[in-house]
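Notes follow once the structure below has been shown.
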Amino acid sequence: MSSALDLVSTWPVKTASVAVVGPEGVRDRTGPDDPLPWASVTKLLTALTVLVAVDKGDVTLDEPAGPEGATVRHLLAHTSGVAFDDDTQVAAPGRKRIYSNRGFELLADFVLTRTGGTFAELLTESVLRPLGMGGTTLEGSPAAGARGPVSDLALLGQELLDPSLVPDLMPEAVSVQFPGVSGVLPGFGRQDPNDWGLGFEIRDGKSPHWTGSRNSPATFGHFGRSGTFLWVDPVAGLACACLTDRDFGEWSAEVWPVLSDAVLNDSTA
């Protein structure tokens with residue numbers, strides 16, 4: 001019987017590992033289980049780490065953090081106004097969706113003022129260890145420095161389908177923050193609105209997009225410059241995790257939506 005994952009062998013990459021995940025665990029998988037860079041999919045780990053800190057009362061979502069006038073919520077939702085990779089303030093908080101690696105670094109620094117230690121230690125204790133993601137490490141920026149195998153990324157997808165770390169906060173985390181705000185979705189151009197939750201990109205009606213046309217508007221997740229993605233479709237009850245050894249580009253913008261639609265089609269066949 002053919003599988004949607006047969007498509008992965010046709011991709012123009014040397015290494016690709018993909019897992020289809022349900023609430024009970026992995027349903028189908030292809031490719032090796034070697035650690036690969038996650039790039040911006042790291043932000044999902046960082047967002048969960050911050051939400052665990054919120055759940056513990058170490059920080060609150062609406063307290064000041066980052067540039068003047070911004071809050072923890074603004075930083076998580078890419079509406080703090082801080083530039084992509086430096087401290088330049090390019091918009092007032094809440095006005096535009098400016099995707100920002102620097103914003104996530106500021107967020108991590110702020111949380112550490114309350115918790116102490118390093119962010120890698122906090123992320124490991126808050127997320128990786130509880131979820132059994134023993135092959136994943138944070139080796140650099142909280143915005144893009146994670147590295148791990150697809151089996152661990154699948155565990156993250158399983159957690160997001162059936163939350164255990166911060167179940168009370170997850171509905172808010174995957175709901176649109178600052179509705180109606182527009183901005184550029186990297187690799188896919190300007191989106192109006194460019195909806196985002198608390199660290200989780202929300203599909204809604206975005207077009208073009210890296211998920212499939214069959215993905216529900218409630219789909220959330222992230223993709224990374226290293227040719228990686230994780231989407232979670234709560235309507236379908238499925239997640240799809242992908243790691244490759246080729247940077248994001250036209251190739252991925254073409255094949256990822258096709259794979260996503262095939263995965264969802266298989267689930268209803």
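If you're wondering where the values come from, they're calculated on a predicted model, not measured in any experiment.
Arg73 is listed as a side-chain neighbour of Phe178, based on a closest heavy-atom distance under 4.5 Å. With contacts defined as side-chain heavy-atom distances shorter than 4.5 Å, the pair Tyr99/Leu185 does not qualify. Side-chain contact between Trp251 and Thr244: present, with at least one pair of heavy atoms (C-beta onward) separated by less than 4.5 Å.
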Practice task
Show the numbers, then the answer: is there a ring-ring contact (aromatic ring centres under 6.0 Å, His included) between Phe229 and Phe223?
Solution key: CA-CA 4 Å; Phe229 71 76; Phe223 78 92; 8.8 Å; no
Problem - Pair Ser226-Asp245, side-chain contact (heavy atoms from CB on, under 4.5 Å): steps then yes or no - result: CA-CA 7 Å; Ser226 58; Asp245 63 354; over 6 Å; no
Practice task
Determine, step by step, whether Phe248 and Phe188 satisfy the ring-ring contact (aromatic ring centres under 6.0 Å, His included) criterion, reporting the C-alpha distance in whole Å, the side-chain angles of both residues, the deciding distance to 0.1 Å, and the verdict.
Solution key: CA-CA 11 Å; Phe248 172 86; Phe188 292 91; 5.7 Å; yes
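In this model, no donor atom of one side chain and acceptor atom of the other lie less than 3.5 Å apart for Asp58 and Thr115. Looking only at atom types and distance, the side chain of Asn194 has no donor-acceptor partner in the side chain of Ser182 under 3.5 Å away. Using modelled atom types and a 3.5 Å distance limit, the side chains of Arg147 and Thr137 yield no donor-acceptor pair.
A salt bridge between Glu201 and Lys43 is absent, with no side-chain N of the basic residue lying under 4.0 Å from a carboxylate O of the acidic one.
Relative ring orientation between His222 and Trp196 is described as perpendicular, the plane-to-plane angle rising above 60° on a 0-90° scale split at 30° and 60°.
With Met170 as reference, Leu48 is the one residue of Leu165, Asp162, Leu198, Leu48 to meet the side chain to side chain contact (heavy atoms under 4.5 Å, CB included) rule.
The neighbour count for Arg114 CZ, taken as heavy atoms of other residues, nucleotides or ligands under 6.0 Å away, is above 12. Applying the 6.0 Å contact sphere to CZ of Arg225 captures no more than 12 heavy atoms from other residues, nucleotides or ligands.
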